[in-house]
Amino acid sequence: MLFSIYCIDKPGMLETRKAAMPAHVEYLAKAPVTVRMSGPLVEDDGETIIGSLYIVEAPDRAAVDAFQRDDPLVAADIWERVEVRAFAKRLDNWD
């Protein structure tokens with residue numbers, strides 16, 4: 001089952017985010033769910049990071065919650081809002 005994880009950073013968290021990124025990237029490489037796509041959310045300038053977006057495959061919501069709980073970005077307390085939703089993919093145009 002697919003899930004989207006939409007996360008918005010607290011204001012002023014760029015340096016904290018940068019410091020947590022090496023551990024976060026290492027965690028994603030061995031994550032207990034399959035990360036199908038992930039990356040930073042950015043302002044309209046295409047550069048200023050304001051959050052994170054993931055599409056993950058997991059057996060259930062409990063697995064996604066466990067994945068989120070153990071993410072180093074959660075430990076760094078950078079997000080002010082996190083929304084997890086089941087995702088029903090209808091179209092895939094990626095080559």
Side-chain angles (χ1 to χ4, degrees):
M1 181 172 201
L2 293 173
F3 293 85
S4 67
I5 307 170
Y6 179 85
C7 313
I8 297 296
D9 289 3
K10 295 175 183 174
M13 296 306 289
L14 184 58
E15 293 306 314
T16 303
R17 173 184 271 277
K18 286 180 183 178
M21 283 308 293
H24 170 71
V25 170
E26 183 178 316
Y27 177 69
L28 290 183
K30 59 179 181 164
V33 300
T34 302
V35 179
R36 295 292 178 194
M37 181 182 359
S38 70
L41 295 170
V42 295
E43 293 281 2
D44 290 344
D45 64 11
E47 295 181 18
T48 305
I49 297 173
I50 59 168
S52 302
L53 175 68
Y54 307 85
I55 302 294
V56 301
E57 188 170 351
D60 53 33
R61 174 64 186 259
V64 176
D65 290 343
F67 163 70
Q68 274 294 108
R69 181 180 57 245
D70 295 335
D71 188 326
L73 293 181
V74 171
D77 195 31
I78 68 163
W79 291 319
E80 72 178 4
R81 185 174 81 216
V82 176
E83 294 183 24
V84 178
R85 302 276 185 239
F87 177 67
K89 182 178 84 168
R90 300 209 194 279
L91 180 64
D92 185 350
N93 284 333
W94 295 95
D95 291 328

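All residue numbers refer to positions in the sequence shown, counting from 1.
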* Asked: Can you name the residues that form a side chain to side chain donor-acceptor pair (under 3.5 Å) with Thr48, not counting sequence neighbours?
  ->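 Only Asp45 meet the side chain to side chain donor-acceptor pair (under 3.5 Å) criterion with Thr48.
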* To do: May I ask you to check whether Phe67 and Tyr27 place their ring centres under 6.0 Å from each other?
  =>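 Ring centres of Phe67 and Tyr27 closer than 6.0 Å.
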* Asked: Linking Ile, Leu, Val, Met, Phe, Trp and Tyr through side-chain heavy atoms less than 4.5 Å apart, which residues share a cluster with Ile49?
  ->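 Under the 4.5 Å side-chain rule, Ile49 groups with Val42.
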Are [X] and [Y] side-chain neighbours, meaning at least one heavy-atom pair lies under 4.5 Å?
| X | Y | answer |
| --- | --- | --- |
| Trp79 | Ser52 | yes |
| Val33 | Phe3 | no |
| Ile5 | Leu53 | no |
| Val56 | Leu2 | no |

* Which pairs pass salt bridge (charged side-chain N to carboxylate O under 4.0 Å, His left out) with one or both residues in residues 57-66, sequence neighbours excluded? ->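 Passing the test, one end in residues 57-66: Arg36-Glu57, Arg61-Asp65.
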* Asked: Any ion pair linking Glu15 and Arg17 (charged N to carboxylate O, less than 4.0 Å)?
  ->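 Judged by the 4.0 Å cut-off on N to carboxylate O distance, Arg17 and Glu15 do not form a salt bridge.
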* Any Lys/Arg nitrogen of Arg81 or Asp9 sitting under 4.0 Å from an Asp/Glu carboxylate oxygen of the other? ->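 Result for this pair is no, no salt bridge flagged.
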* Asked: Which atom names give the shortest non-hydrogen contact between Leu41 and Cys7, and what distance separates them?
  ->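 Heavy-atom minimum between the residues: CD1-O, 3.6 Å.
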* Minimal non-hydrogen separation, Ala20 against Leu73, with atom names ->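 Smallest interatomic distance, heavy atoms only, reads CB-CD2, 3.7 Å.
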* Gap between atom CG of Leu14 and atom CD1 of Ile50 - 0.5 Å precision ->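 So the CD1 of Ile50 and the CG of Leu14 are separated by 12.0 Å.
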* From Lys10 NZ over to Ile8 CD1, what is the distance, rounded to the nearest 0.5 angstrom? ->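 Interatomic distance, Lys10 NZ to Ile8 CD1, rounded to 0.5 Å: 13.5 Å.
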* To do: Assess whether atom CD of Glu26 is packed by more than 12 heavy atoms of other residues, nucleotides or ligands within 6.0 Å.
  =>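 Counting neighbours around CD of Glu26, 12 or fewer heavy atoms of other residues, nucleotides or ligands fall under 6.0 Å, so no.
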